[in-house]
Amino acid sequence: MVNLDDVLPEIECNVPNTYKGSCKLTLQYNFREEHAVFPSIEEAKIAANGALNPVVGGYHGATIEGTTDDVTQPTGVVWLFNF
């Protein structure tokens with residue numbers, strides 16, 4: 001399980017760590033945004049941490065928020081390595 005202390009400062013998390021629904025991850029890269037919906041806050045944080053890593057993803061900002069949108073990615077690892 002990912003703790004809030006493990007999240008990089010560039011991640012804005014707008015849901016409490018106890019949230020139990022789907023989460024939308026919005027990533028910033030230059031002047032564009034990309035979105036993915038994960039089944040849990042933990043999976044969204046895994047994806048966000050990898051995306052903000054300059055070696056893995058190279059994104060420069062991330063926002064996590066609760067959503068009722070359909071899940072688009074089963075796990076953060078699947079999203080990171082099948083992007």
Side-chain angles (χ1 to χ4, degrees):
M1 175 176 254
V2 177
N3 294 318
L4 283 176
D5 293 339
D6 298 328
V7 178
L8 297 172
E10 297 89 352
I11 299 173
E12 179 182 333
C13 188
N14 296 323
V15 293
N17 211 25
T18 57
Y19 177 77
K20 297 294 181 199
S22 299
C23 287
K24 180 179 180 180
L25 172 62
T26 303
L27 296 164
Q28 292 80 38
Y29 183 76
N30 292 334
F31 295 103
R32 65 185 173 119
E33 289 186 343
E34 295 185 22
H35 306 275
V37 178
F38 296 91
S40 68
I41 188 172
E42 291 86 3
E43 293 300 332
K45 288 178 183 178
I46 290 168
N49 276 297
L52 293 177
N53 181 311
V55 175
V56 178
Y59 291 86
H60 59 78
T63 303
I64 298 172
E65 58 191 358
T67 187
T68 58
D69 294 349
D70 291 337
V71 171
T72 62
Q73 300 294 323
T75 69
V77 172
V78 166
W79 179 83
L80 284 168
F81 296 105
N82 288 312
F83 189 72

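Note that the structure is predicted; figures quoted are calculated from it, not measured.
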Point-to-point distance, once rounded to the nearest 0.5 Å, from NZ of K45 to CG of N17: 3.5 Å
Geometric class of the Y29/Y59 ring pair [parallel <30°, tilted 30-60°, perpendicular >60°]: perpendicular
Heavy-atom pair of closest approach, residues L80 and A51: CD2-N, 3.7 Å
Over all atoms of both residues, closest heavy-atom pair of I64 and A48: CD1-CB, 4.3 Å
Side chain E12, main chain A62, donor-acceptor under 3.5 Å: no
Atom pair OG1 (T68) and NZ (K24), whose distance is rounded to the nearest 0.5 Å: 10.0 Å
Partner of H35 under side chain to side chain donor-acceptor pair (under 3.5 Å), chosen from T63, T26, T72: T26
Joint cluster assignment, V37 & W79, ILVMFWY side-chain distance < 4.5 Å: no
Euclidean distance, T18 OG1 relative to I41 CD1, rounded to 0.5 Å: 8.0 Å
Path from F38 to V77 over hydrophobic side-chain contacts below 4.5 Å: yes
Shortest non-hydrogen contact from C23 toward A44: CB-CB, 3.9 Å
Heavy atoms of other groups near D70 CG, more than 12 under 6.0 Å: no
Hphob cluster co-occupancy, L25 + V71, side-chain heavy atoms under 4.5 angstrom: no
side-chain hydrogen bond (donor to acceptor under 3.5 Å, both in side chains) involving T67 - partner list, sequence neighbours excluded: D69
